[in-house]
Number of protein chains: 2
Amino acid sequence: MMGTRDRLLTATNELFRRHGYNGTSLKQVTAAAAAPTGSLYHFFPGGKDELTLAVITTSGETYRQLFELIADAAADPANAVTDFFEAAATVLEETDYIDPCPIGTIAREVASTNESLRQGTDRVFTSWIDAATSRFEGQGIPRDTAQQLATTLVAALEGGFVLARAKRDAEPLRTVGRSMRDLVDQAMETVTAK
Amino acid sequence: MMGTRDRLLTATNELFRRHGYNGTSLKQVTAAAAAPTGSLYHFFPGGKDELTLAVITTSGETYRQLFELIADAAADPANAVTDFFEAAATVLEETDYIDPCPIGTIAREVASTNESLRQGTDRVFTSWIDAATSRFEGQGIPRDTAQQLATTLVAALEGGFVLARAKRDAEPLRTVGRSMRDLVDQAMETVTAK
DNA sequence: GCTCTACTAGAGTGATCGTTCTAGTCATTG
DNA sequence: CAATGACTAGAACGATCACTCTAGTAGAGC
């Protein structure tokens with residue numbers, strides 16, 4: 001069985017994906033994790049803020065690793081992109097349209113009210129954009145173009161989650177993925193043309 | 001002076017843009033609108049849900065009109081897109097990075113917990129996508145391509161809000177706007193080539 | 001000038017929020 | 001075996017939540 005700290009983390013992650021940051025109470029968290037309140041404040045003395053920051057950081061890192069994994073497995077950058085959006089769409093369908101990513105929701109909820117959490121979400125997005133930028137640069141795409149592409153990719157992914165969840169249909173995510181492939185193809189053309 | 005109903009609507013809209021749906025209390029709303037609780041329930045007997053749905057619907061319509069306005073004023077579809085993202089970026093900077101759009105946040109907060117609000121957000125996104133699709137079709141872009149482009153545009157916009165607010169910097173929004181212009185140019189090329 | 005409806009006004013409801021606190025269990029270490 | 005630190009356990013706190021309720025004001029229509 002998972003340790004109490006990990007149970008708290010995964011329970012919070014899932015609750016955030018369903019109800020967001022403000023919509024999730026610590027009572028729900030302790031109930032879902034089968035942990036007493038005392039344990040929560042033992043592992044996260046800073047309370048909800050510290051717990052949330054831990055969820056943002058760890059799940060941000062998990063997604064970055066997942067991205068690298070998919071990128072490694074793909075035949076080329078364009079396929080990596082489609083694969084990633086396809087994977088996200090499948091997760092969405094298989095989980096009754098729970099948000100695949102808690103971070104985007106939290107980011108918008110706390111950006112104006114909680115500076116440390118805002119910075120936490122920013123660090124995660126930046127790490128994703130940096131990871132994707134490196135990949136594209138490795139394919140010969142110039143730094144500027146690679147960065148623009150990576151930023152757009154992350155934005156389109158987060159935006160795709162919004163649309164797909166509102167629609168209760170993963171189609172927008174796949175549609176957006178197709179556009180992202182077009183964008184990557186376009187960028188790769190200028191490289192191979194050299 | 002604005003009527004009480006309108007004051008409630010605009011106050012709620014702004015509070016949602018700062019703190020989201022679950023982060024906004026009705027006490028904050030009545031205080032900001034300088035309206036008593038009784039008036040809130042007089043105009044919105046359904047309480048917070050009905051008020052929220054009204055905010056979603058009215059501000060969704062406002063944004064659709066704004067899009068049409070900018071599209072009308074622009075020289076061509078590509079410029080319309082850049083203008084729209086530029087306008088969003090400017091609003092963000094001038095409002096201390098308050099969310100330009102309350103709907104995306106609400107959509108993710110309530111998608112799994114409030115069916116009528118989820119449908120409300122879906123209707124708004126669909127109306128935006130339909131409006132953009134019509135524009136692109138009017139330029140000779142085939143329906144399928146136009147729909148894909150419009151969906152990607154809305155997703156990229158919402159995702160751009162997430163990144164820009166997390167970063168407290170409008171740059172990601174402008175960067176994403178540039179990619180969207182590339183995408184529109186790409187689609188227009190196949191049209192004029194005919 | 002009376003009546004009726006629209007609206008204002010805010011105190012009060014029970015429920016739930018994040019957090020604190022005290023008490024206790026249990027394995028490890030001297 | 002005594003003692004220490006890590007962790008469990010949940011009752012209790014004041015604050016705040018969405019919402020209800022009663023009372024009162026004001027303007028329109030007759």
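Naming convention: chains lettered A, B, ... in sequence-line order (proteins, then strands); numbering from 1 in each chain.
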For salt bridge (charged side-chain N to carboxylate O under 4.0 Å, His left out), just list the numbers for B:R64 and B:E61, CA-CA rounded to whole Å, side-chain angles, deciding distance to a tenth of an Å, and then say yes or no. CA-CA 5 Å; B:R64 199 193 52 75; B:E61 178 58 15; 2.8 Å; yes

Assess the residue pair A:E171 and A:T175 against the criterion (side chain to side chain donor-acceptor pair (under 3.5 Å)); give the C-alpha distance rounded to whole Å, side-chain angles, the decisive distance to 0.1 Å, and a yes or no. CA-CA 6 Å; A:E171 171 267 317; A:T175 301; 2.7 Å; yes

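Side chain of B:K167 to main chain of A:F125: no donor-acceptor pair is present (N/O by atom type, distance under 3.5 Å, no hydrogens or angles). Counting only distance, with no hydrogens or angles, the side chain of B:R165 and the backbone of B:Y97 share a donor-acceptor pair below 3.5 Å. Under the 3.5 Å distance criterion, the side-chain polar atoms of B:R118 are matched with a main-chain donor or acceptor of A:A166.
Electrostatic pairing of B:E93 and B:R174 counts as a salt bridge here, judged by a charged N lying under 4.0 Å from a carboxylate O. Between B:E115 and A:R168 there is no salt bridge, since no side-chain nitrogen of the basic residue lies less than 4.0 Å from a carboxylate oxygen of the acidic one.
Think of the region where chain B sits on DNA chain D: with heavy atoms and a 4.0 Å cut, that region ends 5' and 3' at D:dC17 to D:dT20.
For the contact set between residues 36-48 of chain B and DNA chain D, defined by any heavy atom under 4.0 Å, the members are B:T37, B:Y41, B:G47, B:K48. Of the residues in residues 16-32 of chain B, those with a non-hydrogen atom less than 4.0 angstrom from any atom of DNA chain D are B:T24, B:S25, B:L26.
There is no side-chain donor-acceptor pair under 3.5 Å between B:T90 and B:E94. There is a side-chain donor-acceptor pair under 3.5 Å between A:T82 and A:R181. Using modelled atom types, one finds a donor on one side chain and an acceptor on the other under 3.5 Å when comparing A:S179 with B:Q148.
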